[in-house]
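Report on the following structure.
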Amino acid sequence: MIKHNTVILDPDKCKGCITCMKRCPTEAIRVRNGKASVMYERCIGCGECVRLCPHQAKLPSYDPFDIIKDYKYKIALPAPSLYGQFENLTNVDYVLNGLLEIGFDDVYEVGRGANLCSELTKILFDRESFKKPVISTACPAILDLILVRFHELKPHLLELLAPVDIAAKLAIKRALDRGIPREDIGVFFISPCPAKVFALKQGIGVDKPYVNGVLSASEVYMQLLPVMKTVQLKPLTKLSVQGISWASSGGEAANCSREKYLAADGIENVIKVLNALEDGQLRNIEFIELNACVGGCVGGVMNVENPFVAKARIRELRRKLPLRFNELADEGQSLDFYKWERVPELKDVYALSTDRVTAMKKMMEIEKIFKNLPHRDCGMCGAPSCRAFAEDLVNGVIPSDSKCMYKDYDE
Amino acid sequence: MSDVIHLEFDVAGNNFVSAGTATNQVKDTLRNLGIPNQDVRRIAIAMYEAEINMVIHACGGKATADIYADKIEVVLEDHGKGIENIELAMQPGWSTASEDIRGLGFGAGMGLPNIKKYTDEFKIESEVGKGTKVYLRVNFS
C-alpha cells in the first residue's frame, strides 16, 4: 500500500531535539543521525509533531494552490472551520464568493455534508443495530488510530462517509448535471489538518478518492484576504447551525439525536477514552465524538487562528444561520450513497510477528533487554522510551550494537 | 510450550487517575503478540474490573500477568480488608460501595459477575483482615 506522507521534515531546521518523538501518540518518531524521522506506517497524521516542534522543522504535507489549474472546472470544498479564521466575518458568503474570485468555478460547503451526516446518523441509529456506543468516523486521525491500535473497537465505527466525501460526491453530481465533462472536474478540499490530506488522497471508506487535491486553510486564507474586501456578494451559502457546529469539538455529538453522548478532543484525551471503552467502562454512552485536535477541527495545524478564538467566532456566526436543512430529502439519494463504499482495513503495525511463537520469542527478548535498561525514558538513544529502544533492537530497526548511553554511564 | 512472558505491576490504591495502567500495559503486550481482538477485549474488561476493585476496596496491591502462547493468566493480590462472603459478592447487583461511589456510576455490583462472564477461569480467595487474591485466565482462540 502506498502511504502518502502526512508530515515532512525540513532537515536544515531540525535540531534533533526529542520534543516530537516524546509526544507522538503512536510512537512513530525516532531520532536518527541527529534528525527526526517518521515511521510512516504508524503515523496517523494527527499533527502533534507539527504543533509542538520548537524549530518549525515539521511541516504538514498538502498540495500547492496551483494544482487547481490542472482542471478546467474547479470546485472548492471549504471546511466549516475555515469560517472561524476571519476576524469580523459577518456573512459566510464573503468567503464563498471570495473562493470564486480566486479561481474556483463552484463552491460546495463541507458544512452541508456535515448537516447531511447529522441527518444520516439519526436515521442509521434507529434502523441499524450498531454496536453501542457508536464512534464517529469524521476525524481521519481518530479513524486511523482505531485501525492501527484499537482493533477491538472496529465494530463500533459509524460506517458513514465523512462530510467532505459526501460534499465531494454531491458537488461532482451537480457539475455533471450542469453538463461539465467528468474529466474537466477538479475537486479541492480546503483542509485544517494533514490527517485529512492523507485520508482524502488515499481514499478512506471510498472505492476511489473523490478529491483531486487538498489545500491548506492558511494558504487559501492568504489568497482570500485581499479579495474579500471588494468581492460582490451573491447569495451562495446553504450552511446551517447543524453543519457549521462540526467545526469544533462537541458540535457533531450535540446533533446526533442522542442524549447520552461523549465528546473528547486532544489526542491524549481521546486515547484515554478509547482505552476506557475497551476496558468496558463506558456502559451508558450511546455516541462518541472524538477529535485528534484540541478544540476539534478549529484546532487543526493548517489553520491560521488559535482554536479558541476561531470557536468563539463560529459561535457568533451561528446566530445568523438557520438551525438545519432537510438536505437528505432535497438531494433524493438513497442511504447507500452516503455509507462507506468499502470498509477500511485494520492495520497490523504493532504485532511483532504474524506467527505467535515467533512473536513470543521476540517479546521475551524485549523484556530481557528492557529489564536491564535504566527506565529513564530519556530519548538519548533516539527512541521515545526504553521499551521502544528494546523493541527496535529486537525488530532489527537499529543496529544490534546500539547502546544506551546512561547504562554505560551508570556502569 | 514452556515460553512465558511474565509481567509485574504495582497498583496504587485510591488513585483513580492511574487505575487501569496495568491493564493497558497488558493490552499493549498482547497487541505486540498479535493476540486476537476478542481475547484482548475479554482480558481487558476482566482485568480492569479486578484492578479497579483493588483501587477502591484494598488500597492497591500487586498484579502479575503470565502470557503463554495459548492463554493469559493474571493474578491480582492485595492486603486489604478482604471479602466476608464471596458467594454473596458474586451475585449480580450486590455491592458494598457507598452511595457516593454508586452515584459515580462505576456500575457497582456487577464487578465480580462481569469478571466471571469474560474469563475462562476465575478464582477468588479472600480472608477477612488479610486480603484478597484473584486469579483470571483467558484462553486464546
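The analysis underlying the following values was restricted to heavy atoms, covering all of them including side chains, and did not include hydrogens, waters or symmetry mates. Below, chain A is the first sequence line, B the second, and so on; all start at residue 1. Everything numeric here is computed off the predicted structure, so don't read it as measured data.
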Legend entry - Polar side-chain atom of A:D279 near backbone of B:I45 as donor-acceptor pair, under 3.5 Å: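 Such a contact is absent between A:D279 side chain and B:I45 backbone.
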[atom1] of [X]: more than 12 outside heavy atoms within 6.0 angstrom?
X	atom1	value
A:K132	NZ	yes
A:M39	CE	yes
B:R137	CZ	yes
B:E121	CD	yes

Inset, instruction - May I ask you to decide whether B:R31 forms a salt bridge with A:E278, counting only side-chain N to carboxylate O separations under 4.0 Å? - result: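 Yes, charged N to carboxylate O under 4.0 Å.
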Inset, instruction - Using only heavy-atom distances, determine whether the side chains of A:N275 and B:K27 contain a donor-acceptor pair under 3.5 Å. - result: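 Yes.
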Legend entry - Contacting moiety of B:L7, where chain A heavy atoms sit under 4.5 Å: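 For B:L7, the side chain is the part near chain A, not the backbone.
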Hey, are the side chains of [X] and [Y] touching, using non-hydrogen atoms and a 4.5 Å cut-off?
X	Y	result
A:E152	B:P36	no
A:E391	B:N32	yes
A:M360	B:V4	no

Legend entry - Segment of A:L282 engaging chain B (4.5 angstrom heavy-atom cut-off):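 Answer is neither: A:L282 stays 4.5 Å or more from chain B.
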Inset, instruction - Check whether A:I366 gets within reach of chain B through its side chain, its backbone, both or neither, counting any heavy atom under 4.5 Å. - result: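 When you check distances to chain B, no heavy atom of A:I366 falls under 4.5 Å.
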Which pair of non-hydrogen atoms, one from [X] and one from [Y], has the smallest distance, and what is that distance?
X	Y	value
A:M364	B:I5	CG-CG1, 3.6 Å
A:A351	B:G34	CB-CA, 4.1 Å
A:K361	B:D3	NZ-OD2, 2.6 Å

Legend entry - Cation-pi check, B:R41 onto A:F150 ring (under 6.0 Å, within 45° of axis):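 Because its charged atom misses either the 6.0 Å distance or the 45° angle limit, B:R41 does not stack over A:F150.
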Legend entry - Reported NE2-to-CG distance for the pair A:H151 and B:N37, which is rounded to 0.5 angstrom: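 If we round to the nearest 0.5 Å, A:H151:NE2 and B:N37:CG are 6.5 Å apart.
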